[in-house]
Amino acid sequence: MKIFFTLVLFIGLIGSAAAQRQCGTMDYKRSQPSVLLQSPQTLAAARDTTANEIITIPVVVHVLYNTDEQNISDEQIHSQITALNLDFRKQNYNIGNVPAQFAKVAGDAKINFTLAVTDPRGNSTNGIIRKQTSVQQWDADDAMKFSAARGDNGWDANNYLNIWICNLSGRSLGYASLPGTDLSKDGIVIQYTAFGTTGAVKAPFNKGRTLTHETGHWLGLMHIWGDNNCGDDKIGDTPPQQAYNNGCPSFPHLSSCSADANGDMFMNFMDFTNDDCMSMFTNGQKNKMRSLFAKGGSRNSLLVSPGNKPATGEAKPTAPVEIITNKATISFYPNPAKEKITFNKASIEDLNGQSVYIYNSLGRQVLATKVNTENPSVAVSNLSSGIYIVKIGAGKNTTTLKLVKD
């Protein structure tokens, strides 16, 4: 299979200047055969998607560590999955920073990511693999994807998104394979200090946006400037852009390619700005990513992955789950629910934009989102029937509710 990878590098500037993202994709591409963005699947097409279906992708995280610091915590991993989901669902903390001129094309990809609950052999898993290795630093040559090279073999890429976390050499933040890659190498590699929003992460790449960016590549997106001077990223609603942007520009940021006064869409996840300045995908980018899950698309088989289903023989809970409610005003309806749950008006006032997390009966997070007065509902149509725990807030201010999904 012909392949190439998207390699993201960031370079520290001398003196007081901030670290920057820079991309070595074109150099790497010139040294590799090209890859088809759509390729025949090795599995028969599962089914087609529906218009507003929330696509759920099971994830397995391979943590390769040489030092204790590199052996990142479960908390750091969960923080990344949460950030990834919020970004892909247009519910990220800084979506309100998108200028009004671009907000009209900001898109909810309706794609959700969850740590796998079942491994390729049908056994229960928490979706995290830890492996100590004698390798101190890894080059961007895919060695970390193979046990024979002291890395860790990926799980079946037809059914899982493999993410390798390790200490990349030089100043690499990470890279992703594009659709159509050799399945044994398919997935994403991320520097352990740029993965998640807590723990070992280092500013200005500490909001989980490296994985958001690389997942965009894994789902077929190009850089917003098309990897060329005033290039074309093949997406109609991203404006022409002369080159990548670093740091945190002010709006409007004009370049020689700017078609109008709006300038560059530097806050797009597929640019190179700092994590805190990235905040949106467009509807065109959403449609491109979702097209890969249609029949014949290279990611179609993920729609029926066994990684999202509890292992055979696991009993569903029959007894009610203990509920602790700190704020009696917080509630949602309907319950049981089929398509969505909606928080009542009093709840919205108490929630105040806090994150909402849903866990299955095994205690594994299956959904993360935010609710506010403009978006008081949470879609649950992609969840299997059963009992779930809904948690709002954190620490002593956490409110826990039970959800029954029909």
Side-chain angles (χ1 to χ4, degrees), residues 6 8 10-11 13 17-23 25-26 37 83-111 173 203-291 353 370 372-375:
T6 302
V8 176
F10 75 95
I11 297 180
L13 298 179
Q20 294 183 346
R21 294 185 204 263
Q22 291 193 5
C23 183
T25 297
M26 297 310 294
L37 291 184
L84 185 66
N85 284 327
L86 293 174
D87 286 348
F88 270 78
R89 293 305 318 277
K90 194 185 169 183
Q91 294 169 350
N92 43 296
Y93 70 94
N94 60 349
I95 186 64
N97 294 343
V98 176
Q101 293 88 334
F102 292 142
K104 59 186 177 182
V105 298
D108 173 0
K110 295 186 184 296
I111 299 175
L173 285 181
F205 309 115
N206 58 343
K207 303 296 183 182
R209 268 57 194 273
T210 297
L211 183 61
T212 300
H213 178 101
E214 298 304 338
T215 303
H217 286 308
W218 184 77
L219 291 174
L221 297 185
M222 298 175 65
H223 292 135
I224 194 170
W225 68 97
D227 288 310
N228 209 335
N229 185 45
C230 298
D232 184 4
D233 67 350
K234 313 299 182 183
I235 303 295
D237 57 4
T238 58
Q241 186 166 305
Q242 184 176 8
Y244 60 82
N245 289 291
N246 279 319
C248 214
S250 297
F251 179 82
H253 184 266
L254 304 179
S255 70
S256 62
C257 303
S258 298
D260 54 41
N262 294 337
D264 295 349
M265 191 182 282
F266 60 81
M267 69 295 304
N268 193 281
F269 290 126
M270 301 314 294
D271 205 340
F272 276 2
T273 47
N274 292 347
D275 276 19
D276 201 37
C277 295
M278 290 181 164
S279 54
M280 67 174 289
F281 287 118
T282 68
N283 286 314
Q285 290 173 319
K286 171 195 73 175
N287 293 335
K288 170 63 179 178
M289 292 188 287
R290 290 182 64 85
S291 71
K370 284 188 177 181
N372 50 50
T373 54
E374 296 180 357
N375 183 34

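Every side-chain contact (heavy atoms from CB on, under 4.5 Å) that N262 has, sequence neighbours left out, goes to Q101, F102, F251, D260. Not counting sequence neighbours, the partners of N283 by the side-chain contact (heavy atoms from CB on, under 4.5 Å) test are D237, K286. Shown here are the side chain to side chain donor-acceptor pair (under 3.5 Å) partners of T215, two or more places apart in sequence or in another chain: there are none. Here D108 pairs with R89, K110 under the salt bridge (Lys or Arg N to Asp or Glu O under 4.0 Å) rule; sequence neighbours left out. N229 is linked by a side-chain contact (heavy atoms from CB on, under 4.5 Å) to Q242, counting only residues two or more places apart in sequence or in another chain. Taking the ring pair (Phe, Tyr, Trp, His ring centres under 6.0 Å) definition, one finds that F266 meets it with nothing, sequence neighbours left out.
Counted by atom type alone, Y93 and D276 present one or more donor-acceptor pairs between their side chains at under 3.5 Å. Between the side chains of D271 and Q241, a donor-acceptor pair is found at a separation under 3.5 Å.
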- Query: Can you check side chain to side chain contact (heavy atoms under 4.5 Å, CB included) on N92 and K207, steps first, answer last?
  - Reply: CA-CA 10 Å; N92 43 296; K207 303 296 183 182; over 6 Å; no
Margin query: N94 vs S279, test: side-chain hydrogen bond (donor to acceptor under 3.5 Å, both in side chains). Steps then yes/no.
Written below: CA-CA 6 Å; N94 60 349; S279 54; 4.8 Å; no
Inset, instruction - Show your working on side chain to side chain contact (heavy atoms under 4.5 Å, CB included) between M267 and T273 and close with a plain yes or no. - result: CA-CA 7 Å; M267 69 295 304; T273 47; 5.9 Å; no
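From H253, atom NE2 reaches atom CG of N245 across 5.0 Å, with rounding to the nearest 0.5 Å. Here the CZ-CD1 distance, from R290 to I111, works out to 6.0 Å after rounding to the nearest 0.5 Å. Atom OG1 of T282 sits about 7.5 Å away from atom CD1 of I224, to the nearest 0.5 Å. Atom CG of residue D275 and atom CZ of residue F269 lie 9.5 Å apart, to the nearest 0.5 angstrom.
Between W225 and H223, the ring planes lie parallel to each other; the angle is under 30°, not in the 30° to 60° tilted range.
Judged by distance alone, the side chain of R209 and the main-chain N or O of N274 form no donor-acceptor pair under 3.5 Å.
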